[in-house]
Engineer: 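Sharing a structure here in C-alpha cells format.
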Amino acid sequence: MKFESLSLCEPLLRGLQQAGYDEATPIQQKAIPQVLQGRDLVGCAQTGTGKTAAFALPTLQLLMAPVAEPTGASRRRQRSGRRAIRSLILSPTRELAGQIAESLATYGRFTGLRHAVIYGGVRQGPQVRVLDAGIDILVATPGRLLDLIGQGFVDLAAVEILILDEADQMLDMGFIHDLRKIVAHVPSRRQTLMFSATMPPAIRKLAGQWLSRPFEVQVTPIASTPERVSQTVHFVQRQDKAATLTRFLNETRRSKTLVFSRTKRGADKIARCLQRDGIRAVAIHGDKSQAKRDAVIREFGSKRPPVLVATDLAARGLDFTDVSHVINYDLPDTPEVYVHRIGRTARAGASGQAVSFCDSDERRQLRMIEKLTGQAVPVEKLPALADNLRSPAVTSETGLKDTRKKGAAEGGRQRPAKHRARHNSQSSRAGSSNSSTGSRRRRAAKASRSRPKERSGVAD
DNA sequence: AAAAAAC
C-alpha cells in the first residue's frame, strides 16, 4: 500500500516523496488511520519496520489540520502570539530522541510545523532559545525535560498528543518515576500513543492507566524477531570471549558490526582488546561525554566504520544502515533487550546476522530469550576455536551461506600465545572455572574512579 | 546488579 492511499495531506506526501519513501509498512498502514481518527493506540511491530513514521506522520497531520472551533491550545497560541507545544514525544535515550527529531524534520519539511529536541549532556541555553521561539512538537528525554519544566522553560499545558517511544522501557522501573512526574504536567484530555517492538504483559497492564479505549496494533506476535536476522549462539567460556570475538571479526566477511556489552566498563574493555588486536573499534555508553557519543555515532555511519562496542544505550531504536552483524558479547538479562539489540541489523528489508556468546552463567538468559521469541537459537561452533578433529561448522537453518573464510585462522592476525583461545570441543559444555581476577580488577577500577555519586533521592 | 536519564 502506498502512502497516497492513507489520506495523508499533500505536504506530508511531498516530504515522503523527497525522502524517497513510497510504500507504507504494515504498522504504518494500520496505525496511521487510527491515530488520524484521534484514538489512543498501542503499536507493536518488529524492529526496523517504521514505527517512528507510524506516529510521526499522523501527528504532523493532526497538528496541521485547521481547527474550525478554536481549541484551548489554538486560543492560547493566538493570545500569546506564539506556538504552544501540542505534541510531546518521549524517548529513553538522547540518540534516539535526536533520530526521532530528524524524522520529524524529514517528514514535516513542508508542513510549516516546528519541533525541538531536548536532552541532557549538552548546554541548555540553545534548547531554551528554541523553546522560546515557539514549537509545535517537542522530543525529549525525561531528565532534561523535567529540569526545564522545573525552571519554567517548558509548558506542557497545551499538549494534545503524548507519545511514548520504546514504551515498555519508558514504563519500566528506570523511567516510571520521571514519566509520572512528566505526565502530571500534560492535560489528561489528550491522545496517547505507545510504540515498541516488545510489550511484556505486566507493562502493558501498567500502560492501561494512561490509555483510554486504545486501539491495539499488533503486526506480528509480540517480540518476534525479523525473519531476515539469522541467529546463532556460541557456547564459550567467559575467559575465551575476547579471543573468540577477535577471531570471529577477523574471519568473517562483514560490513558494520555492533558488539553489545552488559556493562559500561565491559564495553571499554572489549574495545581496548579489539584495538590491541589490530581491529578498529570504538565504545559508546552513558559515561562518555555527549560530544564523544555524537562523534562515535558519526564514525559508525562513515564509510570506514569501526566496530562499535555498546551498552544497551544502543539497543533500542537507533537506525544504523547496513549493519551486517550484531554480536552479543554478553547476553542481556531481560530477553526483550535481545530482541531490540538484534533488531539493529536486518532493518527495512535487509538481512543480517546475530551472534551470541553464551558462557556457563548465561544459560538461563538464553532460555528466557528462546521462550520469549518462541524459537530455539541454533548452536554454532566456531571452527577457529575448536580442535581440528571437530566436524565442520553447522550452517544456519535459514540456509544462509557460511561467510567465514576457510583457513583464515592460520593466515590471519594472531594474538600472543597467552591470549590464544584454549578451546577444544569440550568447551561447549558448562565450564566450572570461575575467574576471580576479573572481578578483582573490576573492583580496583571502580575504586580508582572518582565520579560523583548518582543523583540523590532516587536510591532504590 | 546494570543501564538509561539532569545539573
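The chains referred to below are lettered A, B, ... by the order of the sequence lines, with proteins before strands, and numbering in each begins at 1.
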Engineer: Tell me the interatomic distance from A/Glu95, atom CD, to B/dA5, atom C1', rounded to whole angstroms.
Structural biologist: 11 Å

Engineer: Mind checking A/Gly286 for me? I need base, sugar-phosphate or nothing, with any heavy atom below 4.0 Å counting as a touch.
Structural biologist: sugar-phosphate

Engineer: Supply the atom-to-atom distance A/Ile297 CD1 to A/Gln290 CD, rounded to the nearest 0.5 angstrom.
Structural biologist: 9.0 Å

Engineer: Starting at atom CG of A/Asp172, determine the distance to atom C1' of B/dA5, rounded to an integer number of angstrom.
Structural biologist: 14 Å

Engineer: Give the rounded distance in Å between these two atoms: CZ of A/Phe153 and C1' of B/dA6.
Structural biologist: 14 Å

Engineer: So does A/Thr311 get a side-chain nitrogen or oxygen closer than 4.0 Å to the phosphate oxygens (OP1/OP2) of B/dA2?
Structural biologist: no

Engineer: Is it true that a side-chain atom of A/Asp40 and a backbone atom of A/Ser212 form a donor plus acceptor pair closer than 3.5 Å?
Structural biologist: yes

Engineer: Rounded to the Å, how far apart are A/Asp165 CG and B/dA5 P?
Structural biologist: 14 Å

Engineer: Just by distance, do the side chain of A/Glu362 and the backbone of A/Asp359 share a donor-acceptor pair under 3.5 Å?
Structural biologist: yes

Engineer: Give the rounded distance in Å between these two atoms: NZ of A/Lys264 and P of B/dA3.
Structural biologist: 5 Å

Engineer: Side-chain N or O of A/Arg94 versus OP1/OP2 of B/dA6: is the shortest distance under 4.0 Å?
Structural biologist: yes

Engineer: Heavy atoms only, 4.0 Å cut-off, all strands: where does A/Gly121 land among base, sugar-phosphate and nothing?
Structural biologist: sugar-phosphate

Engineer: Given B/dA6, B/dA1, B/dA4, which nucleotide is nearest the side-chain atoms of A/Arg262?
Structural biologist: B/dA1

Engineer: Can you figure out which of B/dA1, B/dA6, B/dA5 approaches the side chain of A/Asp333 most closely?
Structural biologist: B/dA1

Engineer: Can you measure A/Asp178 atom CG to B/dA6 atom P for me and round it to whole angstrom units?
Structural biologist: 9 Å

Engineer: With a 4.0 Å limit, can you tell me whether A/Arg341 has a side-chain N or O closer than that to the phosphate oxygens OP1/OP2 of B/dA3?
Structural biologist: no

Engineer: Return the value, rounded to whole Å, for the distance between atom CG of A/Leu179 and atom C1' of B/dA4.
Structural biologist: 14 Å

Engineer: A/His115 pairs by side chain to side chain contact (heavy atoms under 4.5 Å, CB included) with which of A/Ile135, A/Ile100, A/Asp136, A/Leu104?
Structural biologist: A/Leu104

Engineer: Taking 4.0 Å as the cut-off, does a side-chain nitrogen or oxygen of A/Thr263 come that near to OP1 or OP2 on B/dA1?
Structural biologist: no

Engineer: The test is ring pair (Phe, Tyr, Trp, His ring centres under 6.0 Å); show your working for A/Phe260 and A/Tyr329 and say whether it passes.
Structural biologist: CA-CA 6 Å; A/Phe260 280 104; A/Tyr329 189 94; over 10 Å; no

Engineer: Check the distance between B/dA3's P and A/Lys288's NZ and give it to me in whole angstrom.
Structural biologist: 14 Å

